[in-house]
Every structure is written in structure tokens, then in C-alpha cells.
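As the structure is a prediction and not an experimental result, all values here were calculated from the model. Note that these values count all heavy atoms, side chains included, but never hydrogens, waters or copies made by symmetry. Numbering of ligands and ligand atoms starts at 1, following listing order.
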Amino acid sequence: MSDSDQPRQLLEQHFGFREFLEGQQSVIDAILAGDDTLVIMPTGGGKSLCYQLPAMMLDGITVVVSPLIALMKDQVDGLVEKGIPATFINSSLGQSEMDNRIAAMKRGDYRLLYIAPERFKSERFVAALAPLSIALFAVDEAHCISQWGHDFRPDYLRLKWALKDLGQPQVIALTATATPEVRDDIIAQLALGQFGRQVPQVFVSGFARHNLTLGVTAAKNKAGKIARIEEFVRQLKTGIVYCATRKHVEKVAEHLKAAHINSIAYHAGLSDEQRKKAQDKFMTGKADVVVATNAFGMGIDRADLRFVIHYDIPGSVEAYYQEAGRAGRDGEPSRCEILYNYADVRTQEFFVEGANPTRDIIAGLYDALRRLCARGPVEMSIDDIAEQVPSATNPMAVGSALYQLERAGFIQRDYRQGSRTYTTGLVEPVKEFADLPIDFDRLDAKLKRDLGKLQRIIAYADHRGCRHHFILDYFGDTDAEPRCSVCDNCLARNTATHAAARLPTDAEIIVIQKALSCVARVNGRFGRGRIAQTLVGSRSKDVLDARLDRLSTYGLLREQGEDYVWSLLDVLIRAGCIEISAGQYPTLSLTPLGRDVMLRQQAIPLALPEHAAAAAPKKAAKKRETAVKPAEPVDYDATLFDALRDWRRNKAAKMGNIRAYLIYPDRTLEELARIKPQTEAELLEVKGIGPAKARRFGAETLAILRKR
Ligand code: ADP
Ligand code: ZN
């Protein structure tokens with residue numbers, strides 16, 4: 001075997017994939033050539049493999065810095081499962097366990113070591129690492145190093161010094177954020193391409209996500225938004241609802257609960273333990289919907305999310321795409337939607353202003369504090385302090401200004417036990433405002449930049465052209481095609497270009513009549529998802545339990561498929577033939593116009609969905625076909641599937657409660673239940689089962705399959 005075959009062989013042997021995803025191969029080549037690299041790929045683009053695979057080939061250990069402490073154990077479990085010796089070090093470990101792991105590392109027991117960034121605060125820790133032979137230093141979520149990024153973490157600034165102490169090993173930085181400032185910051189802060197190495201290689205790839213249906217829905221009010229969310233949940237089951245504030249998270253979660261939808265709420269106001277519990281519940285599939293602020297999601301590797309809804313417009317295109325990109329990481333068609341109400345923009349502006357206090361506010365605050373604290377520290381809430389600052393209309397900005405003053409060592413703030421507020425006092429000797437080491441021009445520039453970013457996401461929401469194109473253009477992906485087949489605007493235009501909204505043909509009228517009559521049958525009792533399922537003759541439990549299979553309209557549009565029917569219902573809703581109730585359960589009912597159309601007493605022009613457009617996009621399918629089986633999920637033995645799943649659950653529990661999909665993902669179980677392999681060789685034919693998995697689980701899997 002030649003050298004160049006080796007990565008591909010490792011890919012198959014350890015990861016069970018036959019092909020590289022877009023960009024991976026070139027990154028790996030660059031690493032093996034010894035270059036520093038900056039990898040910009042969207043969430044789900046397959047970044048981790050870019051360093052995990054070389055880690056198997058390089059001489060020495062690969063250190064991975066990742067802020068995702070909560071997920072480290074899973075990541076490491078996943079690697080060990082693949083036969084890759086790995087471990088992690090973070091604050092969840094005691095000193096002696098840490099020492100054990102460092103000792104094992106020195107013996108060369110591991111290929112990969114995951115470290116939380118705050119570990120580098122400890123000189124002792126860095127000194128313990130220094131003697132290791134570090135082949136590659138991977139910085140995950142590298143945008144955290146940039147103060148221009150949306151997720152700046154001061155701990156990341158230490159990496160530069162840590163690298164120095166570790167003898168400037170080769171670096172790979174990875175992120176999904178691609179704005180030019182952030183990119184430059186990463187290169188500068190990590191000194192990529194310095195120390196005698198070639199200029200760093202920068203890779204931008206994979207931003208196109210053809211499996212995501214991007215859309216924006218105008219929402220008049222909260223009830224409209226909730227109704228839309230419930231529709232999504234009922235139709236698509238698994239996903240995330242992002243909200244801008246904790247209050248919204250709690251509201252939405254409450255509504256879902258009232259509608260008997262099993263969801264979890266997640267925001268920064270919860271304790272670490274509550275958050276971990278919530279995350280576990282979601283990752284293990286005990287809850288299928290998360291309502292969350294943007295505190296949720298970094299590193300979420302549940303690949304089967306079918307939707308991401310934004311209840312509030314997010315702050316920037318990159319934040320949006322990063323969050324939306326958590327849908328459909330398995331490559332299957334998924335939906336991303338912003339529920340857009342122009343009034344929400346004001347909330348976002350408020351956040352931006354709140355995070356970026358102006359010089360006036362900081363100066364006004366310092367004046368006020370010099371007065372208030374003249375005789376010692378005072379115990380006041382931020383709101384109360386804000387009232388003493390004439391230039392401040394936004395208490396959040398005062399909170400940020402307090403932080404700035406504290407960081408500069410001008411004031412000191414302490415949390416008093418048993419009290420809910422801080423005491424705030426001046427640091428002696430009291431300093432002059434003019435000496436404040438803050439670059440106000442920089443702050444101003446940041447405020448402008450952040451407002452500019454907000455403008456761009458608003459432009460996205462208002463955009464009438466292709467949404468995929470808009471986003472790729474934003475990220476500087478120059479290969480972007482001007483149109484797609486899976487954004488709301490293109491879907492509407494696909495028919496519209498040929499015949500704007502046109503009068504349906506006779507055949508189409510029959511389809512429309514069938515759809516409308518199904519709505520009429522169940523008038524006001526079921527939502528769009530259930531109606532679509534009924535029309536295509538679904539055997540799902542929901543449909544059978546509600547006895548919808550007994551309706552005369554059951555299965556009438558079987559040939560059209562659920563996606564088409566869903567879109568058709570959408571068109572009919574937009575055209576005013578069907579209305580959605582705003583109640584707790586959003587249900588569909590026929591309008592008088594819909595009735596007329598159903599009875600052929602009136603013909604109206606419609607922009608009907610195209611069949612091709614409703615199907616899974618071709619490009620995405622091609623890209624992932626090596627990893628994900630292309631078969632339809634209907635033709636497998638359901639009993640066998642259940643048996644396999646039970647076994648998997650037990651197995652995962654026995655293996656220390658690892659995530660079940662680390663054993664086999666659902667798709668592999670489906671394929672097993674379809675192909676029913678009887679020998680080890682046949683087992684290896686199943687996508688997702690490589691030699692490592694076969695060795696590990698093959699015997700038990702075959703035992704179940706042979707029983708049938
Ligand atoms: P990122 O870190 O960029 O968000 P991950 O590294 O978590 O993405 O990878 C996303 C998904 O893609 C994972 O489920 C991973 O197993 C899968 N993946 C990675 N490389 C390949 C490949 N070559 N073929 C198929 N799937 C892959
Ligand atoms: Zn489009």
C-alpha cells in the first residue's frame with residue numbers, strides 16, 4: 001500500500017466511512033505536509049475528522065483544545081469505540097486522576113488528548129504537558145479566540161503562551177465562523193505560519209447545505225409563532241427552538257408542555273447540573289425537542305435533528321447559520337425557519353446596544369459610582385445603578401459597563417452571601433476616568449459592526465431571492481449557485497417563473513380537491529402533519545390511534561408523497577383556502593374560499609409545489625451516500641429493528657451509559673433490519689459497520705439477526 005492510501009484506509013477502518021467529505025482530504029494532506037491550517041467548515045461539515053485521522057498517523061500525541069467540556073467524555077468515548085486511544089482532561093477530574101492520565105500519556109498510551117481551555121491557566125499543568133511529544137495542536141471552535149466573534153472566551157487568549165511553552169507545535173485551528181476579522185484574528189493570535197513554517201493554509205468549504213430547507217415565516221404575534229412551532233414539532237418531531245431570551249424559552253417550553261410535547265428548556269440561567277441533565281435527556285433521545293437560548297448547542301452531535309426554528313430573529317447571519325446548521329447533520333432533508341416579526345428587531349438592537357456600552361455610558365456610570373460609593377461600597381442592583389446614569393437608557397449596557405470598569409480594576413464587585421445583589425465599590429486609590437485603559441474607538445467600531453451584522457440578518461429575512469445563495473455569498477463561498485430547490489423563495493419561484501401562480505390543470509385540481517376534502521373531513525381537529533400523513537396513507541401510530549386510517553380520504557395522495565402534500569397544504573394555506581387555528585393545538589380548517597375551490601365553484605391561481613423540489617436534493621444525497629444508506633426507511637423488519645434497538649440500549653447502559661448511536665446509529669439498525677446479514681462478511685456490507693465495529697459488536701449483532 002502506498003502512503004497516499006493510508007488515510008483512506010484509516011477512514012474506513014476506524015470511522016467506517018468510504019469517502020471523505022468535501023474538504024477533508026485537502027486538510028489532511030496539508031497537515032501531513034506539516035503546514036499550519038485554518039479550517040472553516042460549517043457545523044456538521046466534518047471538522048473533527050480533519051485532526052482525528054492524522055492523529056493516527058503522526059509521530060506524537062495530538063492535543064485538542066475544546067470548550068465543550070460537557071461533551072468531552074462523549075467525544076472520547078466515541079473515539080475509543082472506534083479503536084482510537086484517546087482521553088481528556090478537564091475540571092471534572094480530580095488531581096490524582098489527572099496525574100494518572102498525564103503519566104499514561106507520557107508512556108504513549110494515547111493518540112489524542114482533549115483539554116479544556118481553562119486548564120492552561122495552570123502553569124503546573126502546562127509544565128506537565130511540555131515533555132510530551134506533541135505532534136499537532138488542534139484548536140476547536142477557534143473563533144472563541146476573537147473578540148470580534150460571537151463567542152469570545154478569554155481563556156483562549158492563553159493558548160498563544162501555552163503554545164510557546166509547548167515548543168510551538170504544528171497547529172490546526174477549526175471554526176464554523178468565517179468573517180474576515182475573525183479569520184485574521186485566529187491566524188494572528190495562534191501565530192499560524194510563524195516559527196519557520198509555511199504560510200498557513202486556509203480552507204473554506206462545505207457551507208452549502210443542500211439538505212436544509214431554509215425559510216422565513218412572517219409571524220404576526222406570539223400565538224402565530226407558537227402555532228407554527230407546534231406544527232413543526234408534530235410533523236418533524238426532533239429539533240431545536242432557539243429563542244433570544246430566557247423568558248421566551250420558558251414561555252415556549254410552557255406552551256409545548258401544555259400541548260403534551262415532551263421538550264426540555266435550556267438557558268444560561270440554569271445550574272450546571274440542570275443543564276447537564278437537560279442536555280443528556282436530549283442527547284439520549286428521551287426528549288426530542290429543546291427550547292433554548294444560544295447557550296445551547298455548541299458541539300451538539302445529535303445528527304438526526306429534523307428542524308431548527310428561530311422564535312426570535314438572531315443577531316447575525318453567522319450565528320443563524322451555525323444554529324440552523326445543527327439540523328440535518330445526517331444529511332437528510334431538514335427544515336430551518338425564522339419566525340419573523342419586525343418588532344423583534346428592536347429586541348436584538350437592545351441586546352447589541354446592551355453588549356456594547358458607549359463612552360458616554362461608561363463615563364456617566366463612573367461619575368455616578370464615585371458619588372454613590374464615596375463613603376464605601378454600596379449594595380445596589382444594576383437597574384438601580386442605571387437610574388443614576390443619565391446617559392443610559394439600557395440597563396444591560398450599564399451591566400456591561402460595570403464589567404468593563406471591573407476588568408480595568410477601577411471598581412470591585414462582590415456577591416454577598418444570602419443577598420441577590422452585588423456590592424459595588426471603588427478600588428483605592430480612586431482612579432481618574434481619563435486613565436481608563438479602554439480603546440473607545442474600538443468599542444465604537446464593535447457597536448457599529450454588530451449593528452451592521454444585525455442589518456444583514458434582517459436583509460436575509462426580507463430577502464426575496466435564494467436564501468442559500470444569500471448565505472453562501474455572505475461566507476465568501478464563490479461557487480454558490482444563484483438558485484436552489486430547497487429554500488422557500490426558490491420553491492415558490494420554481495413554479496412561479498414558468499407561470500407565476502397559474503390556474504391548475506384538471507389533474508391538479510383533482511389533487512387539490514382530495515387535499516381539501518381531507519381537511520374538510522377532520523375540520524378543526526388535526527394539524528397539518530396529521531392531515532398530510534392521512535393523505536399519504538401513513539401507518540404511523542399517531543394516525544392509527546386517531547383512527548384516521550378509516551377516513552375515506554386516507555391514502556388518497558399516496559403517490560404524491562408526504563413532502564409534496566406538506567408543501568401543497570402550505571400553498572393552500574397561503575392562498576387562503578385553509579386556515580390554521582391559533583389555539584393550543586394548531587389545527588386546519590377549510591375557509592369559505594377553500595370550500596368553493598373544493599366544490600369547483602371557483603378556480604384560483606396557485607403556485608403549486610414541484611414534485612422534484614419536494615424530493616431530497618440530489619447534491620446532498622450524492623455527497624453523503626457513502627456514509628448514509630440511501631434506502632427508504634419503510635422496508636425493514638420493524639420487530640427486528642425493535643429487538644436491535646433494545647439490545648443497543650442495554651449495551652450502551654452496560655458500557656457506562658455511552659450514547660446509543662455510538663454503537664450504531666438508527667440508520668444502521670434500519671439497514672440491519674432490512675438486509676438481515678447472517679455472516680460477518682455480510683455484516684461488513686452494511687453501511688456504518690466497519691471492521692472496528694464488526695470486531696466489537698459483530699457477534700452480538702449476528703446473534704440477534706440469526707434468531708429470526
Ligand atoms: P463539525 O465538527 O464540523 O461540526 P463533525 O466532525 O462532528 O462536524 O462531523 C459531522 C458529522 O459528519 C458526524 O456525524 C461525522 O461522523 C460525519 N462525518 C465526518 N466525516 C465523514 C465522512 N468522511 N463521511 C461521512 N460522514 C462523515
Ligand atoms: Zn433557494
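Considering backbone and side-chain N/O of Gly46, one or more are found under 3.5 Å from N/O of ligand 1.
Under 4.0 angstrom from ligand 1, there are no non-hydrogen atoms of Ala303. Under 4.0 Å from ligand 1, the heavy atoms of Gln24 that appear belong solely to its side chain. In Phe17, the part holding a heavy atom less than 4.0 Å from any atom of ligand 1 is the side chain.
Remark: Asp36 engages Gln170, Val171, Leu192, Arg197, Pro200 in a side chain to side chain contact (heavy atoms under 4.5 Å, CB included) (not counting sequence neighbours). When the side-chain hydrogen bond (donor to acceptor under 3.5 Å, both in side chains) test is applied to Lys237, no partner is found at least two apart in sequence or on another chain. When the side-chain hydrogen bond (donor to acceptor under 3.5 Å, both in side chains) test is applied to Arg456, no partner is found at least two apart in sequence or on another chain.
Listed by atom number, the atoms of ligand 1 under 4.0 Å from Glu19 heavy atoms are 22 (C), 23 (N), 24 (N). Against a heavy-atom cut-off of under 4.0 Å, Phe20 is close to the following atoms of ligand 1: 23 (N). Distances below 4.0 Å separate heavy atoms of Arg329 from the following atoms of ligand 1: 1 (P), 4 (O), 5 (P), 7 (O), 8 (O), 10 (C).
The Zn ion (ligand 2) has Cys466 SG, Cys484 SG, Cys487 SG, Cys490 SG as protein N, O or S atoms under 2.8 Å away.
Side-chain contact between Arg306 and Glu332 is present, with heavy atoms from C-beta onward closer than 4.5 Å. Under the 4.5 Å side-chain criterion, counting only non-hydrogen atoms from C-beta, Thr62 is not in contact with Phe137. Inter-residue side-chain proximity for Asn294 and Gln322 is flagged as unmet; no heavy-atom pair is nearer than 4.5 Å. Counting heavy atoms from C-beta on, the side chains of Cys466 and Asn489 never come closer than 4.5 Å.
Stacking of Arg8 on the aromatic ring of Phe20 is not recorded, the 6.0 Å distance cut-off and the 45° axial limit not both being met.
For an aromatic pair to be called close, the ring centres must be under 6.0 Å apart, and Tyr321 with Tyr474 fails this. The six-membered or imidazole ring of Tyr114 lies away from that of Phe88, with a centre-to-centre distance of 6.0 Å or more.
In this comparison of Ser48, Gly78, Gly325, Ala176, the heavy atom closest to atom 5 (P) of ligand 1 sits on Ser48.
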